[in-house]
> 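Before we start, here is the structure in question, set down as C-alpha cells.
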Amino acid sequence: MDTFSQLLNGFGAVLSLENLLLALLGCVLGMLTGILPGFGPAAAVAVLLPVTFALGPVPAIIMLAAIMYGASYGGSITAILLNVPGETSSVATTLDGYQMALRGRAGPALTIAAIGSFIGCVVGILGFLVAVPVSRFALSFGAPEFFSLTVLGLSLVIALAGKSLVKAMISGTIGLVISIVGLDPMTGVPRFTFGEAQLLDGINFIAVVMGIFGVSELLASVEHNHKFGRALKVGKIWPTRTDFRRSWGPIARGAPLGFFFGLLPGSPGAATSFASYALERSVSKRKHEFGKGAIEGVAGPETANNSLAIAGMIPLFTLGVPTSATTAILMGAFIINGLLPGPLLFQDHPDVAWTIIASMFIGNVILLILNIPLIRVWVTFLKTPFPVLYAVVFGFMILGAYTLDGSIFNVGVLLIFGVIGYLMRKIDIPLAPMALTIVLGDLMESNMRRALTISRGDIGIFFESPISLTLLIGAVLAIVGALVGRSLSRRKTLRLLEESKQAA
Amino acid sequence: MNKEHSNQRSFEQHPESEVEISDVVFTPEEAAEEILENPEIPVTTAYRRANQWGGVVVALLGLGLVWGGFDLGLMRGQALGPGMFPVLMGSLLIGLGLLLVLTATWGRMERSGDTLLPDSQGAKRLLWTAVLTIVLLWVFPWFGYQLSMTVYIFGMLVLVGARKIINSLIIALVFSVGSYWLFTAALGLYLPLSSIFFLRAIGI
C-alpha cells in the first residue's frame, strides 16, 4: 500500500470521537500549560505524561503530540502579550510580537502566529511523505558539520545587531560565556561553579531567558508614570489584508527552513526561529520596522518553529532518533505504551504510525479553530490594569522559575538575570543575541572539541566535509553581506542627510 | 514630509486610529528625512560614561574568564582542555570591552528611549519591587508558598501599584491559593508548605 493511501487510512482512524476528544483535550491542556512562564513543550509533555497512562498506546501518543504543539502555541501567546517567551523557540517572536501588542495589534499578531503555526505543521506533516531519505541525510551531520552550523547560527548575531555591532557581539559572547558554566561536556570538570552544587548542571536557560526578557521588561515598564499607568491598547483583532499580504512570504520561507532544522538532532528551536527572523529582516523592504512591530517578525519565526517541531518527529518515527528533549520524552511515551519508534514502526505497525501522523494534522486544525475565537479572550487580558498585570506576571515568573527544579536557586537566577537585562537595556546592549548564543554555546564547544579530537588537532576537518565547508562559507557570506549592506546603507543615508541639511 | 510618513507618525501617536503603519515604506531618502524630523535622544556625557563602565565590566569579566581558563588547563593530552573555550571567549570579551570603552570615549553613539533613567516615582516602584522580592526569597522556606506569595502579591499591588487594600488582598489570595492548587493538584508539582507546624497543619 503506498504512503499516501496509508496516510488517508490514518485520517480515517483518527476521526473517531475518542481520538478527536483526546486531541482537543491535549491541545487545551498543552496551551494552558504553555502559557505558564517557564513551561515549554518539553515540560508540558513531561508533566502531563501520567495523564495518558490510562489510555491505549495510540490515544496516548495522540494526546501527547497535541499537548506538545498546544504548549508551543501557549508559549507564543505569552511571548506576544507579555514579552515572556514560554520556550526557547518563542524568543524571536517577542522581538516584534510584543511590540505589536504595545501598539494595539496583539490580535493580528496572535492570529498570524496561529495561521503560520498551522501551515508550518502542514509542511512538516507533508515531509513525512518523503521522510526516510531526508532523515538519512540529516544523520550525515557529524561534529564538524554541527560546529559549522553553530558558526552559521552565530553569524545571525550580526544580522540582529541593530545599531551597534560591538554591543551585539558583547551580548552574544556573554551568552556563550553563560553556557560555559557547569560541568565540562568532555571531561566532566566543573567550570566556574564556585563550589555551588546547583551550578554543576549549568545555568538554567529558561530562568535566564525569563529574566532577561520578562523581568527586565517589567522593571522597565514601571520606570515612568506614563508607562505604568497605561492601559495596553486593544485594537482590531483580525489582521488586515496588508498583514496577510506581508505574511505569506515569511510563512512560505519559514516552513521549509524550520523543516530542515527540525530534521537535525539537537537543533535548537531558538536558532531556527532566529534564523527565520534574520532571513525575513534581510529580505524585507521594511527593515526599519523590525523590532518595532513588523508582522514578518512574527509570521516567519512562528511558522519555522512549528515546522521544526513536527519535522523533529520524523527522525523519531523513521529512525528511532529523538532530536530534542520533547521528542525524547515522546520516545519514552512510545516505549511505555509498548511501541518502538524506528524503521520497524512503519513496517510492523503502519496503521499506528500513520494514525498518529494524521492526528497531528487534525490536532493542529483543532488548535487553529480553538484559538481564533480565543484570541479575543487573550487580547482582553491586556485590558487588565497594568499594576495588576505587573504583580501577577512577576508572581507567575517566580513560580515558573521555582518549579523548574523545585529550588529557590532558579528564582535567584531569574532575578539576577532580570537585573542584568535591565542594566543592559540602559546602555543599549541588545538582548536577543544573548538568548541565541546561550543555546548554541554548548553545542558549539562540544562539537568543536569533538571534531578536533577526531582529527587530532587538524582544523582542516572543518573544511574537508562539503556540508561543513558550505555552512562555513554561508556564515562568512552572511557576515560580509550584512556588514557591507549596513555600511552602504549608512553612507547613503548620511549623504542624503547632508544634502537635506544643505538644501534647508 | 510625505503623506505616508505623516501617517506613520500619526499611528505612533494615536495607535487606535485607522492608519496602518504597514502602509509606510521607508527608503533611505525617507530615513534621512526622519532623522531630520525626529532627532534622537541626545547622547549625554552620563550615557557615554555608563557605556565606558559597561566596557570596563565586560573587559574585567573577560579577564576573569581567561584567568579561570588557564587554571582549568588549555590542553588535556592531545585534546583541547576545559579551559580553551573560556580563554577564547574571555579574550574576545576583553577586546570587545575595550572597543566599547573606545567607542564611548571617542566614537559616534546612538541612544534609544530604553536608556532613560526612571523618574522619582519609578525609582520608588523599583525599590519596592526589590525589597518585596528579597523578602519573598527570605521568608519562602519558612512560610511556604501560599502565605509568602500572598504577602508578595499584596505588597506589589499596594506598595508598587498603589491599589486599594481590599481588592489587592482578594487578588493576592486568589492568585496564591489558585496557583498552588493548579500546580500541585492539576500538574502534580511540588510547592512547599510552611515550616511552622500549626500553619502546616491547616494546609498552608
Side-chain angles (χ1 to χ4, degrees), chain A residues 33 47 50 103-104 163 166-167 169-170 173 176-177 180 184 186-187 189 191-192 219-220 222-225 228 233 235 240 242-243 246 285-286 288 293 295 387-388 390-392 394-395 398-399 403 406 408 411-412 415 425-429 445 449 452-453 456-457 489 492-493 496-497 500, chain B residues 15-16 20-23 25-26 28-29 31-33 35-36 50-51 54 58 65 68 72 76 78-80 82 85-86 89 92-93 96 99-100 103 110-112 114-115 118-119 121-122 125-126 129 133 136-137 140-141 149 152-153 156-157 160-163 171 175 179 183 187-190:
Chain A
T33 315
V47 160
R103 289 164 178 245
K163 290 179 178 176
V166 170
K167 289 180 179 178
M169 290 184 68
I170 287 174
T173 311
L176 290 173
V177 167
I180 291 174
D184 176 42
M186 305 285 279
T187 61
V189 169
R191 295 190 299 184
F192 304 99
L219 294 177
V222 302
E223 286 179 321
H224 304 282
N225 279 337
F228 191 63
K233 298 173 181 61
T240 63
T242 307
D243 289 332
R246 286 175 62 174
K285 292 177 185 168
R286 299 178 177 82
H288 64 281
I295 192 94
V388 177
Y390 179 77
V392 166
F394 234 116
I398 289 172
L399 174 58
T403 54
I408 212 81
V411 179
L415 297 169
R425 285 169 180 255
K426 290 299 151 199
I427 55 174
D428 274 329
I429 294 181
E445 185 193 1
R449 289 166 69 183
L452 289 173
T453 302
R456 297 178 192 274
S489 174
K492 191 174 180 187
T493 305
L496 288 166
L497 187 62
S500 300
Chain B
E16 66 276 15
E20 291 190 13
I21 193 171
S22 56
D23 287 335
V25 177
F26 272 75
E29 290 82 356
E33 197 179 324
I35 290 168
L36 282 176
N51 276 268
V58 166
L65 275 167
L72 287 165
R76 282 283 165 110
Q78 299 278 337
L80 293 182
F85 199 68
M89 293 302 109
L92 186 57
L93 276 179
L96 290 170
L99 257 177
L100 182 57
T103 309
E110 292 176 22
R111 188 180 175 189
S112 74
D114 277 345
T115 61
D119 55 30
Q121 293 277 2
R125 289 188 205 108
L126 289 172
T129 301
T133 309
L136 172 72
L137 294 180
F140 195 85
M149 191 57 78
Y152 180 70
I153 299 291
M156 289 282 260
L157 288 169
V160 181
R163 304 280 299 176
I171 293 170
F175 177 85
S179 58
F183 275 71
L187 297 177
L189 295 171
Y190 167 74

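The structure displayed is predicted, hence computed values, not measured ones. Letters go in sequence order (proteins before strands), and every chain restarts at 1.
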> Answer with side chain, backbone, both or neither: which region of B:Leu65 has an atom nearer than 4.5 Å to a non-hydrogen atom of chain A?
both
> Any idea which heavy atoms bring B:Asp119 and A:Glu223 closest together, and the distance?
OD1-O, 2.9 Å
> Are any of the side-chain heavy atoms of A:Glu445 and B:Pro82 separated by less than 4.5 Å?
no
> Roughly how far, to the nearest 0.5 Å, is the OG1 atom of B:Thr129 from the OH atom of A:Tyr390?
3.0 Å
> Check whether A:Ile398 gets within reach of chain B through its side chain, its backbone, both or neither, counting any heavy atom under 4.5 Å.
side chain
> What part of A:Arg425 lies closer than 4.5 angstrom to a heavy atom of chain B: side chain, backbone, both or neither?
both
> Which atoms form the tightest heavy-atom contact between A:Leu399 and B:Phe183, and what is the distance?
CD2-CE1, 3.4 Å
> Looking only at heavy atoms, what is the nearest atom pair of B:Leu96 and A:Thr173, with distance?
CD1-OG1, 3.6 Å
> Tell me the closest heavy-atom pair linking A:Gly395 and B:Met149, and the distance in Å.
O-CE, 3.9 Å
> So for B:Tyr190, is it side chain, backbone, both, or neither that comes closer than 4.5 Å to the heavy atoms of chain A?
both
> Write down the atom of B:Leu72, the atom of A:Arg191, and the distance for their closest heavy-atom approach.
CD1-CG, 3.6 Å
> Quick one: pull up CG in B:Leu80 and OG1 in A:Thr187 and give me the separation to the nearest 0.5 Å.
11.0 Å
> If we define contacts as heavy-atom pairs under 4.5 Å, which of A:Ile429, A:Val392, A:Leu452 has the most with chain B?
A:Val392
> Which one of A:Leu219, A:Ile427, A:Thr453 has the most heavy-atom pairs closer than 4.5 Å to chain B?
A:Ile427
> Drop me the distance from B:Leu93's CG to A:Met169's CE, to the nearest 0.5 angstrom.
10.0 Å
> Please check if any side-chain donor atom of B:Thr115 sits under 3.5 Å from a side-chain acceptor atom of A:Asp428, or the reverse.
no
> Can you say whether A:Leu415 sits under 4.5 Å from chain B via the side chain, the backbone, both, or neither, judging by heavy atoms?
side chain
> How many angstroms lie between CZ in B:Phe85 and CG in A:Leu176, if you round to the nearest 0.5 Å?
5.0 Å
> Given heavy-atom pairs under 4.5 angstrom as the criterion, report whether the side chain, backbone, both or neither of A:Val189 touches chain B.
side chain
> So which part of A:Ile180 gets closer than 4.5 Å to some heavy atom of chain B, the side chain, the backbone, both or neither?
side chain
> Just so I understand: if I count every heavy-atom pair under 4.5 Å between each of A:Val177, A:Ile295, A:Val411 and chain B, which residue has the most?
A:Val177
> For chain A, which of B:Leu126, B:Val58, B:Leu99 has the most heavy-atom pairs under 4.5 Å?
B:Leu126
> Examine whether an atom of B:Ser112 lies under 4.5 Å from a heavy atom of chain A, and if so say whether it belongs to the side chain, the backbone or both; otherwise answer neither.
both
> On a heavy-atom basis, which atom in B:Ile153 and which in A:Ala391 lie closest, and how many Å separate them?
CD1-O, 3.3 Å
